[in-house]
Structure formats: C-alpha cells, structure tokens
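For reference, the structure is listed below as structure tokens.
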There are 2 protein chains.
Amino acid sequence: MTVPPQADPPVGPGSRDAQDVAAAAARARVAAKLAAAGSPGSAVPHPEARSVPEATVARLAVYLRALGDVSATGAETVSSEDLSAAAGVNPAKLRKDLSYIGSNGTRGVGYEVSRLIRQIELVLGLTQRHAVALIGVGNLGHALAGYGGFAGRGFPLRALFDVDPDLVGININGILVEHVERIGEVCAGLDVTIGVIATPGAAAQLVCDRLVAAGVRSILNFAPVVLQVPARVEVRKVDLAVELQILSFHVARRGDDQVDPAPPAARNGPAVPAVVRR
Amino acid sequence: MTVPPQADPPVGPGSRDAQDVAAAAARARVAAKLAAAGSPGSAVPHPEARSVPEATVARLAVYLRALGDVSATGAETVSSEDLSAAAGVNPAKLRKDLSYIGSNGTRGVGYEVSRLIRQIELVLGLTQRHAVALIGVGNLGHALAGYGGFAGRGFPLRALFDVDPDLVGININGILVEHVERIGEVCAGLDVTIGVIATPGAAAQLVCDRLVAAGVRSILNFAPVVLQVPARVEVRKVDLAVELQILSFHVARRGDDQVDPAPPAARNGPAVPAVVRR
DNA sequence: GCTACTTTGTGCCTGCGTTCACGAGCGGCT
DNA sequence: AGCCGCTCGTGAACGCAGGCACAAAGTAGC
Ligand SMILES: NC(=O)c1ccc[n+]([C@@H]2O[C@H](COP(=O)([O-])OP(=O)(O)OC[C@H]3O[C@@H](n4cnc5c(N)ncnc54)[C@H](O)[C@@H]3O)[C@@H](O)[C@H]2O)c1
Ligand SMILES: NC(=O)c1ccc[n+]([C@@H]2O[C@H](COP(=O)([O-])OP(=O)(O)OC[C@H]3O[C@@H](n4cnc5c(N)ncnc54)[C@H](O)[C@@H]3O)[C@@H](O)[C@H]2O)c1
C-alpha cells in the first residue's frame, strides 16, 4: 500500500455544508408555487408534483429499495404501513412523501408496486443513466471500482483517474485508469454527470475543481475535506470519521446512562408499536 | 395482505431511520440532568452541556477536523468566523453549536484552539478509545481494514470477522480474521463498542443481531438494508446507492435549466422541476 | 482609567419537517 | 345495490433547526 501524504489541506473559507440535509433543503427549495390559486379541485392537466423536499428525496431512494424487496416477493400492491415498516419510517411520513411526487395509490388497497417504482425512478431521474467518474483508485477507490452496485443501479462507472504512474494505464473491470490531467476531456467526452472523489484529502479540492470545470454537476466526496464549489454543483460527503464520532457520542451518552440494562434476547418480546416511545 | 419482504425478520416495527438527522435528533434529545450551575471559569470534569441536538453533534465532528487544520497552522485561537468558514457553515450556527457544549470562547478574541478541541473530544466521547469490530472482509471490508483513518482518529480496529473459510485465519494489518460465529465472545472480550457491517445485504441483519447480543451499542452499516435493532442501539447507515440517487435527482433537476450563470428569480415562470418529463 | 473595537453568546423569529387525526375514495361482501 | 371496512391523501399542529441582530464581555489603545 502506498502511504500517501496523509494530511489535510489548508482549506478555504466560504463553503457549504453538503452533509446538512436541512440546509440543503432550504437551498434547493425553489419556489414552485403554481399560480393556479383558483379551484381547489384542480382540473389542471398538470399532476406535476410540487417541489420535493430534500429530506423526502433521500427517503425516496430508500423506498425504492424496499419496493424492490416487495417486488421480489411477487406482491403487486403494498400498503403504506407495510412499506413504511420495511423502510423504517412512519407510515404517515411515507404517504406524505409519496404525495409529493403526485403519487397515485389506491384507497382501500395500497400502492401498485411496479407503478410506484417507475414513478420514483422517474422523479429521481433514474430513467436516464448517469455516467460516473471515479478519481483516486487507491484503497477505497479500488473497492468502489470493483463494486457491482454502481452499474447495477443505473450508475455505470465510465472513467477512472489517478496520478500514480503505477496505476495509470491499468484496467479495472474493463475500465482504463486515466491520468488525472485528462479529467476534462474524458469527462466531457463521456458526458459524465457524477464524479466520485476518493483521493487523499489534500488532493480533493484540486480534483473537485477539475470536475467542475469539466461540467460535472454532482460530486460524491469521500475525502475528509469540505469542498468549495459553485452553487450549481451539488456535493454530498461521506465521512467515515464523522459517522464514527457520532456513534461515539451516543455510546458515551448511553454509557453514562447505564452500561448493561438488558443484554441479550428480549428483542421480540415487548411489541413496541411506533418508532419511538420514550 | 401483502407478504412481508423476505429480508426482514419478524421483529415488527420499531425500526429507525439512522440517516435521518432531524428525526434522530428528536429521538436523541434526552434532557440532560445537569442544571448547569456552570461557572464560566473552570471546566469541571462534567462539562456535559445541556442536551446537544443531533445535527450539532454531526457538525462538531466537522469542527474538530477543521480545528485540527487550524492547530496545524500554529494559531492558538480562532474566531467563529474563521472556523465556520473552514467548516463550511454559518458563523452564528457554529457559535450556537459550541454554546451547546458549554463552550467558553473569549469575547473579543475567539476560541482557544486546544481547549476547544479537548472540549469537543470530551463531548463526543473521544477521550475514551472505542474498540471497533468489522464484519465482512470483502471488497469494501478490505479497504476499510486497511484504512489508517480508523486508529488515527481514536477508533482502533480490534477485530475482523467473515464466514469465508479462505478469509478466516488470515491477517490484515496484524489483525486476525475470526469466524463470524465468534462475534459474541470476541467482541465481549475486547469490549467492542462499535460494529461496522460490510457484509452483503442478506447477511447484515443476522450479523447485526449477533453484534447486539454481544453488547455492541453502535453500528455503522454499509449494507443496503434497514436494520432492525432495539431502541438502545444506535445505527448509522452509509448507503452509496442512496447518495448517488440523491445526486441523480439534482442532476435531473438542474439539468433542465441548463447552464444558468445568474440565479435570477426568472425561475418562477417555468414551473416545477420535480417531475421530469422526457 | 476610559473609550472604542472585536467577538462571543443568545433571544427571537421564520420556516421546514414530522406527526396526528380525519375525511375521501375504493373494493369487497352481503 | 348498498353498506362496510380498509387505506390513501392531506390539513393543521407542533417542534426543531437555522439565521439575524444585538447586548454582554473582554481586549487593545490612548
Ligand atoms: N480506505 C477507506 O476505507 C476510507 C474510508 C473513508 C474515507 N476514506 C478517504 O478516502 C480517500 C481515499 O482513501 P484511500 O484509503 O483509498 O487512500 P489511498 O492512498 O489508498 O488512495 C488514494 C489514491 O488517490 C490517488 N491520488 C493522490 N493524489 C491524487 C490526485 N491529485 N489526483 C488523482 N488521484 C490522486 C493516489 O495515487 C491513490 O491511488 C481518503 O481521503 C480517505 O481519507 C478512505
Ligand atoms: N464495495 C463497495 O464499494 C461498496 C460500496 C457501498 C456499499 N457496499 C456494500 O457493502 C457490502 C459489502 O460489499 P463488498 O463489495 O465488500 O462485498 P463482498 O462480497 O466483496 O464482501 C462481502 C464479504 O462478506 C462476507 N460475508 C458474507 N456473509 C457473511 C456473514 N454472514 N457473516 C460475515 N461475513 C459474511 C463474505 O465472505 C465477503 O467476504 C455490501 O452490502 C455492499 O452492498 C459496498
């Protein structure tokens, strides 16, 4: 394993918090109010959903997976209660979420599985494939490149980049690793819309800038750096350290509370109904 | 009646959406006992502030990293403005966040870097090391196991598990891969508090159950499954597919209005981005 | 020692997100 | 055909989070 210059760059000011769902929601929430204030009945041929809250978008993806499971069982319809249980959310929340995308369930029956899947895919923009580029074919990058979940879910990995001369030129899963200098031309040529950054933190901003220059509009960042991007570019960050630290907080919290309340078993027993009961 | 999804155990509801920050916040918001008679001067060993919002906890981890950067520059103090810029948040938000942990900045000066780092580490429970166990040493698991960011940030990886006979028994970074059956005894013996699941989705719930039985209170889940756990266990999910789909949504969203240098209010007229018609 | 300036800490307001509760439609049963 | 029961869709209430703006508190300068 190459031991890269681990460290963190000086970083810069004036950025955005891509991790913060609520803030992103606020940003994304563009006024979508239709002028049609007239009749409540709405005879409009626009069953167009109103703007979808960011929090809902995140859950739609989860619903989609749950729907896949349901579909695998052969069921043709599913109730909000069942589906919400599978997705781990409140039934009312699920129904409201689905209502945002102009959903049509059938009262007394539930949601038609296949129809709902199509609808969510449509809203999430999954009907068109999004070419993905991955930059940084190291430890993590290799794992990601070899992961079938990309293409399997409509996100074909089309380009790989690195600076390491030992890596540039090799093939991974049939994809040639290009030099990072070529991000611009290659991404533009392949019409890459999503970039995944798996380089060390020090290189992330530079790589990000190149991606943006190449017209990439969405970036998934694994490097522990807050990326600075123009407003039109969407960044999502996956930060292992942050996740662990959040978990640590809860361990400490509960640890103080009680170390060993009720260890094993006892799981199924008390049918706690709703999600939270405190 | 619809058939329950195969992947899901009987267990019933009571699942939780670890990804959802806001909801988690509500859940985690437990009234802290300390009435906070806090005198400004000294930090008692119990600086446990009043209950810290979940959203704030997530950002504290980010601040911590930013503080590391600042510290590396040699600065002894940092203003909320500078630090917030480095962390990519609003200065007021940062100050409020820090106020939750009973922070003591100095007015007219800023925050003492080293003190603030210690304070955040204390609140996040990073003063005690958390032994981590990783289950599923496959594609992703290997990358994680080889990653220095674990131990480097106070989360020593102490145990590895898998079912594959070819993997059980090998050493990775000096850690022996144990058979998954031994989760219970090994984790209990090493006092593992955080479990990381990197198995295929089908095995995740089973592994999760074992971890819980072993007394693990926090789980980081990479498998695309909604885990069912008792309320006292905290789960956080990292789901690549979900992240990509969220990005996809935004691509579709923004893709419609093309390059748009200025962010004018002209967006009002052409309605609704939500549903993409193609 | 007093004034002016800097920066924190926070009260208040706004708005999003979640949840409850209930009306509205739909299928099935008698 | 009509009634009954099931489940969706959503209006309204509530609570949390974000952000502005200002008073408090400390520093630096004179
Ligand atoms: N490995 C993990 O499990 C893991 C987990 C969470 C986060 N991360 C983060 O992901 C990133 C990558 O981690 P890793 O373990 O794969 O590191 P790594 O060192 O194994 O791989 C980094 C790769 O990026 C390449 N690279 C360096 N500079 C580059 C540049 N300017 N342009 C293009 N490529 C460049 C290197 O040649 C190397 O191949 C790091 O930021 C790390 O913090 C890793
Ligand atoms: N590889 C990636 O980049 C990536 C990205 C996102 C999510 N994921 C998810 O992470 C998980 C692992 O992905 P992967 O690519 O490493 O898969 P993988 O098949 O390479 O590795 C899975 C490992 O888990 C082991 N395993 C299977 N059943 C087990 C059990 N019951 N107990 C213990 N170990 C068991 C297997 O032996 C194998 O070593 C999957 O759920 C995948 O969806 C992977």
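Labels below follow one simple rule: chain letters A, B, ... track the order of the sequence lines, proteins then strands, and each chain is numbered from 1.
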Spacing of B:S248 atom OG and B:E243 atom CD [to the nearest 0.5 Å]: 12.5 Å
5'-most by nearest nucleotide on DNA chain C - A:R95 or B:V78: B:V78
Helix axis bend for the helix from C:dG1-D:dC30 to C:dT30-D:dA1 - C1'-based end axes, five pairs, 10° rounding: 10°
Backbone N/O of B:K96 and side chain of B:S99: donor-acceptor pair under 3.5 Å: yes
Option among B:L98, B:L94, B:D97 that satisfies the side chain to side chain contact (heavy atoms under 4.5 Å, CB included) test with B:S80: B:L94
Distance, rounded to the nearest Å, where B:E81 contributes CD and D:dC20 contributes P: 12 Å
Nearest-Å distance for atom pair CG/C1', residues B:D97 and D:dA17: 10 Å
Distance, rounded to the nearest Å, where A:L60 contributes CG and C:dG17 contributes P: 13 Å
Short side-chain donor-acceptor distance under 3.5 Å, B:H250 and A:E54: yes
Integer-rounded Å distance: D:dC8 C1' and A:L98 CG: 10 Å
Length of the OH-C1' vector between B:Y100 and C:dG11, whole Å: 12 Å
Test item: A:H130 side-chain N/O and A:G125 main-chain N/O as donor-acceptor pair under 3.5 Å: yes
Spacing of B:N104 atom CG relative to C:dT10 atom C1', expressed in whole Å: 14 Å
Exam field: side chain B:Q245 to backbone A:L124, donor-acceptor pair closer than 3.5 Å: no
Per A:Y111 side chain, nearest of listed nucleotides D:dG9, C:dT7, C:dT18: D:dG9
Below 4.0 Å: OP1/OP2 of D:dT7 and any side-chain N or O of A:S80: no
More than 12 heavy atoms of other groups within 6.0 Å of B:E121 CD: yes
Separation of D:dA17 P from B:E54 CD (nearest whole Å): 9 Å
Phosphate contact (D:dA17 OP1 or OP2) by B:N90 side-chain N/O below 4.0 Å: no
N/O (side chain, A:K96) to phosphate O (OP1/OP2, D:dT10) under 4.0 Å: no
Quick one: which protein N/O atoms are closer than 3.5 Å to N/O atoms of nucleotides 25-30 of chain C? Pair and distance per line, please.
from	atom 1	to	atom 2	distance (Å)
C:dC26	O4'	A:R107	O	3.4

Among C:dG17, C:dT19, D:dG19, the one nearest A:K93 by side-chain distance: C:dT19
Residue pair A:V89 / A:V62, side-chain heavy-atom distance below 4.5 Å: no
Distance in Å, B:R118 CZ paired with B:L67 CG, rounded so as to fall on 0.5 Å steps: 12.0 Å
